[in-house]
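Below is a structure I'd like to ask you about.
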Amino acid sequence: MFAVSQLLWAIVCIHVFWLYCFITGSLVRAEPHASEPDGSRASARSYMAELVINSTTGIAITGFVLLLLGFVGLLNLSALICWLVIEILLFKFIKRENVFGFAFWARRLQSITRAWS
């Protein structure tokens with residue numbers, strides 16, 4: 001039973017980390033257009049590519065930030081919380097989005113569900 005509970009906890013942690021990376025990746029990615037240049041709708045394949053690209057971009061940004069924090073000797077909880085605050089401010093000032101708003105989370109959830117449907 002201990003192994004099952006540990007496995008479930010690991011799965012939850014991995015999914016929370018993936019969601020964080022997806023949201024971080026959406027900071028630098030431009031919003032996709034509703035249709036292709038020739039007027040046809042984008043296919044489900046491009047939605048899945050968008051999901052994967054956002055996620056891997058977030059993983060790269062997270063890795064780079066952790067590397068820099070490690071180089072300067074600030075790889076601790078307070079530095080990670082400061083990074084989260086900086087990331088929220090970047091969303092506010094660069095993307096003009098409110099991380100605490102419903103529209104922000106609805107758009108991310110729509111992007112995820114669109115890729116899997």
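Bear in mind that the values here come from a model prediction, so they are computed numbers and not experimental data.
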Worksheet item: Are side-chain heavy atoms of Lys95 and Leu27 found at a separation under 4.5 Å?
Response: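 They are in side-chain contact.
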
Practice prompt. Would you please name every residue forming a side-chain hydrogen bond (donor to acceptor under 3.5 Å, both in side chains) with Ser111, sequence neighbours left out?
Written response: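 Applying side-chain hydrogen bond (donor to acceptor under 3.5 Å, both in side chains) to Ser111 gives Glu50.
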
Fill in: Gap between atom SG of Cys82 and atom CG of Leu77 - 0.5 Å precision
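Reported value, rounded in 0.5 Å steps: 9.5 Å.
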
Worksheet entry | Considering all heavy atoms, the nearest Ile23-Ser26 contact |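 What the structure gives for the nearest pair is O-OG, 2.6 Å.
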
Worksheet item: Between the side chain of Trp105 and the main-chain N/O of Val99, is any donor-acceptor distance below 3.5 Å?
Response: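 Pair found, side chain donor or acceptor close to backbone of Val99.
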
Practice prompt. Any chance you could measure Leu90, atom CG, to Trp83, atom CH2, to the nearest 0.5 Å?
Written response: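 If I round to the nearest 0.5 Å, the distance is 6.0 Å.
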
Practice prompt. Could you pull out the closest heavy-atom pair between Ile59 and Cys21, with the gap in Å?
Written response: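 Closest approach of Ile59 to Cys21: CG1-SG, 3.6 Å.
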
Worksheet item: Does the side chain of Thr57 come within less than 4.5 Å of Val28's, by heavy atoms?
Response: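 Yes, close enough: below the 4.5 Å cut-off.
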
Less than 3.5 Å apart, which donor and acceptor atoms pair up between the side chains of residues 4-18 and the rest of the protein, not counting sequence neighbours?
{"residue": "Ser5", "atom": "OG", "partner": "Phe2", "partner atom": "O", "Å": "2.8"}
{"residue": "His15", "atom": "ND1", "partner": "Ile11", "partner atom": "O", "Å": "2.8"}
{"residue": "Trp18", "atom": "NE1", "partner": "Ser55", "partner atom": "OG", "Å": "2.9"}

Worksheet entry | Separation of Ile53 CD1 from Phe22 CZ (nearest 0.5 Å) |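 Interatomic distance, Phe22 CZ to Ile53 CD1, rounded to 0.5 Å: 11.5 Å.
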
Worksheet entry | Heavy-atom check, side chain of Tyr47 versus side chain of Thr113, under 4.5 Å |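 No, too far: nothing below the 4.5 Å cut-off.
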
Worksheet item: Of all residues at least two apart in sequence or in a different chain, which pass the ring-ring contact (aromatic ring centres under 6.0 Å, His included) check with Phe104?
Response: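 By the ring-ring contact (aromatic ring centres under 6.0 Å, His included) rule, Phe104 matches Phe91.
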
Discussion item. Suppose the criterion is salt bridge (charged side-chain N to carboxylate O under 4.0 Å, His left out): which pairs have a residue in residues 102-112, not counting sequence neighbours?
Written reply: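 Residue pairs with at least one partner in residues 102-112: Glu97-Arg107, Glu97-Arg108.
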
Worksheet item: Who passes side chain to side chain contact (heavy atoms under 4.5 Å, CB included) against Leu69, sequence neighbours left out?
Response: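 Leu69 satisfies side chain to side chain contact (heavy atoms under 4.5 Å, CB included) with Val65, Leu74, Leu75, Ala79, Leu80 once adjacent residues are dropped.
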
Discussion item. So, using side chain to side chain contact (heavy atoms under 4.5 Å, CB included) as the criterion, who are the partners of Phe100 when residues are at least two apart?
Written reply: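 Phe100: side chain to side chain contact (heavy atoms under 4.5 Å, CB included) contacts with Ile88, Asn98.
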
Worksheet item: Just how far is it from atom CG of Leu66 to atom CD1 of Ile61, taken to the nearest 0.5 Å?
Response: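 That separation rounds to 12.0 Å.
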
Fill in: Ile94 reachable from Val85 in the ILVMFWY side-chain graph, under 4.5 Å edges
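Val85 does not cluster with Ile94.
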
Fill in: Interatomic spacing from CD in Glu87 to CG in Leu84 - rounded to 0.5 Å
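It is 6.5 Å, given to the nearest 0.5 Å.
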
